[in-house]
Amino acid sequence: MSFNNDVFDVVRLIPKGRVTAYGAIAKYLGDARASRRIGWALNKSFKITPSVPAHRVVNRLGMLSGALHFPPEMSMAEKLENEGIVIKDGQVVEFKILFWDPMTEL
DNA sequence: TTGTTGACGCTCA
DNA sequence: CTGAGCGCCAACA
C-alpha cells in the first residue's frame, strides 16, 4: 500500500533534531483527515527497513503521545534528547521552532 | 459482516 | 482551564 510508504518517506525526510506532526504529514499527503492512520502506519514502521525515525513525529501540540508504543529500551524522549531536542514533561520544548512542516520545507 | 479501536484534531460547554 | 464528544477511516476480532 502506498499510503504507508508515503508516510515513511516523509518521516525519513525529517531533519535530525527537528520534529513534525501527524496532521502535517496527513495534510502533505493530501488527506488532512488521515492523521489517525499516520499512527497506524508508524506502528508498522518498527518492523520495516530501512527504519523510520518515528520518534520525530508527535501530535499537533508537540506532545509525545505515542511514547507508550516505543520499545522500553529506548524511549521516544530519549531518542529525541539524543538528537538535541529538549523534552519537558512529555512534550517538546520550543516545538514551535523545531517544527518541520513538509508543506513548506519540502 | 458488524462493531470496536485508535501514535489525531477540532469544537463546544 | 478541563473534560466530553465527534468526524474520519483502516485494521482487527
Side-chain angles (χ1 to χ4, degrees):
Chain A
M1 62 171 74
S2 65
F3 185 82
N4 283 14
N5 272 306
D6 289 338
V7 173
F8 300 150
D9 281 338
V10 177
V11 174
R12 276 196 281 264
L13 289 175
I14 302 173
K16 182 186 176 199
R18 304 291 298 283
V19 294
T20 192
Y22 302 96
I25 297 173
K27 190 178 178 185
Y28 175 73
L29 295 182
D31 188 356
R33 299 169 300 188
S35 51
R36 239 168 160 155
R37 283 181 284 156
I38 306 286
W40 231 297
L42 289 175
N43 250 326
K44 299 195 308 188
S45 75
F46 284 113
K47 63 175 185 179
I48 69 161
T49 42
S51 51
V52 177
H55 56 283
R56 294 188 190 142
V57 185
V58 296
N59 71 8
R60 196 177 101 68
L61 300 175
M63 299 197 253
L64 313 189
S65 38
L68 300 174
H69 294 269
F70 273 76
E73 47 202 37
M74 184 172 258
S75 73
M76 202 173 177
E78 283 180 76
K79 290 187 176 183
L80 289 173
E81 295 190 304
N82 207 6
E83 298 184 354
I85 297 176
V86 182
I87 305 301
K88 174 89 174 182
D89 201 39
Q91 110 179 339
V92 180
V93 177
E94 307 271 45
F95 172 68
K96 193 176 177 183
I97 299 175
L98 298 173
F99 183 63
W100 181 84
D101 187 357
M103 287 294 269
T104 58
E105 307 283 343
L106 238 42

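The figures here come from the full heavy-atom set of this structure, side chains too, leaving out hydrogens, waters and symmetry mates. Letters A, B, ... mirror the listed sequences (proteins, then strands); counts begin at 1.
When rounded to the nearest whole Å, the span between NZ of A:Lys47 and P of B:dA7 equals 16 Å. The distance between atom CZ of A:Phe3 and atom P of C:dA11, rounded to the nearest whole Å, is 10 Å. Rounded to a whole Å, the CE atom of A:Met63 is 11 Å from the C1' atom of B:dG9. Regarding A:Arg33, its CZ atom lies at a distance of 21 Å from the P atom of B:dA7, rounded to whole Å. Between the CG atom of A:Leu42 and the P atom of B:dC8 there is a distance of 10 Å, given to the nearest Å. When rounded to the nearest whole Å, the span between OH of A:Tyr22 and C1' of B:dC10 equals 17 Å. We find that CZ of A:Phe95 is positioned 13 Å from C1' of B:dG9, with the value rounded to whole Å. Here the C1' atom of nucleotide B:dG6 and the CZ atom of A:Arg60 are 19 Å apart, to the nearest Å.
Residue pairs meeting the ring pair (Phe, Tyr, Trp, His ring centres under 6.0 Å) criterion with at least one member in residues 42-75 of chain A, sequence neighbours excluded: A:Phe46-A:Phe70.
The CZ atom of A:Arg56 sits 12.0 Å away from atom CG of A:Leu98, with the distance rounded to the nearest 0.5 Å. Residue A:Thr20 holds its OG1 atom at 11.0 Å from CG of A:Leu13, rounded to the nearest 0.5 Å.
Listed nucleotides: B:dA7, B:dG9, B:dG6. Nearest to the side chain of A:Ala21: B:dG9. Counting only heavy atoms from C-beta on, A:Arg37 has its side chain closest to C:dA10 among B:dC10, C:dA10, B:dA7.
Within the 4.0 Å cut-off from OP1 or OP2 of B:dA7, not a single side-chain nitrogen or oxygen of A:Ser35 is found.
B:dT4 sits 16 Å from C:dG5 when the P atoms are compared, rounded to a whole Å.
Here A:Ala67 lies out of heavy-atom contact (under 4.0 Å) with every strand. A:Asn59 comes within contact range of the sugar-phosphate backbone alone, with a heavy-atom separation under 4.0 Å but no base atom that close.
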- Query: How does DNA chain B read in dot-bracket, base by base from 5' to 3', with Watson-Crick or G-U pairs under 3.5 Å and | used when the partner is on another strand?
  - Reply: .|||||.||||||
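Comparing A:Gly23 and A:Trp40 by the nucleotide of DNA chain B that holds the closest heavy atom to each, the one mapping nearer the 5' end is A:Trp40.
Among all heavy-atom pairs drawn from A:Phe8 and A:Ser45, the shortest one is CE2-CB, 3.6 Å. The two residues A:Tyr22 and A:Ile38 make their nearest non-hydrogen contact at CD2-CG2, 3.6 Å. In plain terms, the two heavy atoms of A:Trp100 and A:Val10 that are nearest each other are CZ3-O, 4.1 Å.
In this model, a side-chain donor or acceptor of A:Arg36 finds a partner on the base of B:dG6 within 3.5 Å.
Taking a 6.0 Å sphere around NZ of A:Lys27, one finds it holds 12 or fewer heavy atoms contributed by other residues, nucleotides or ligands.
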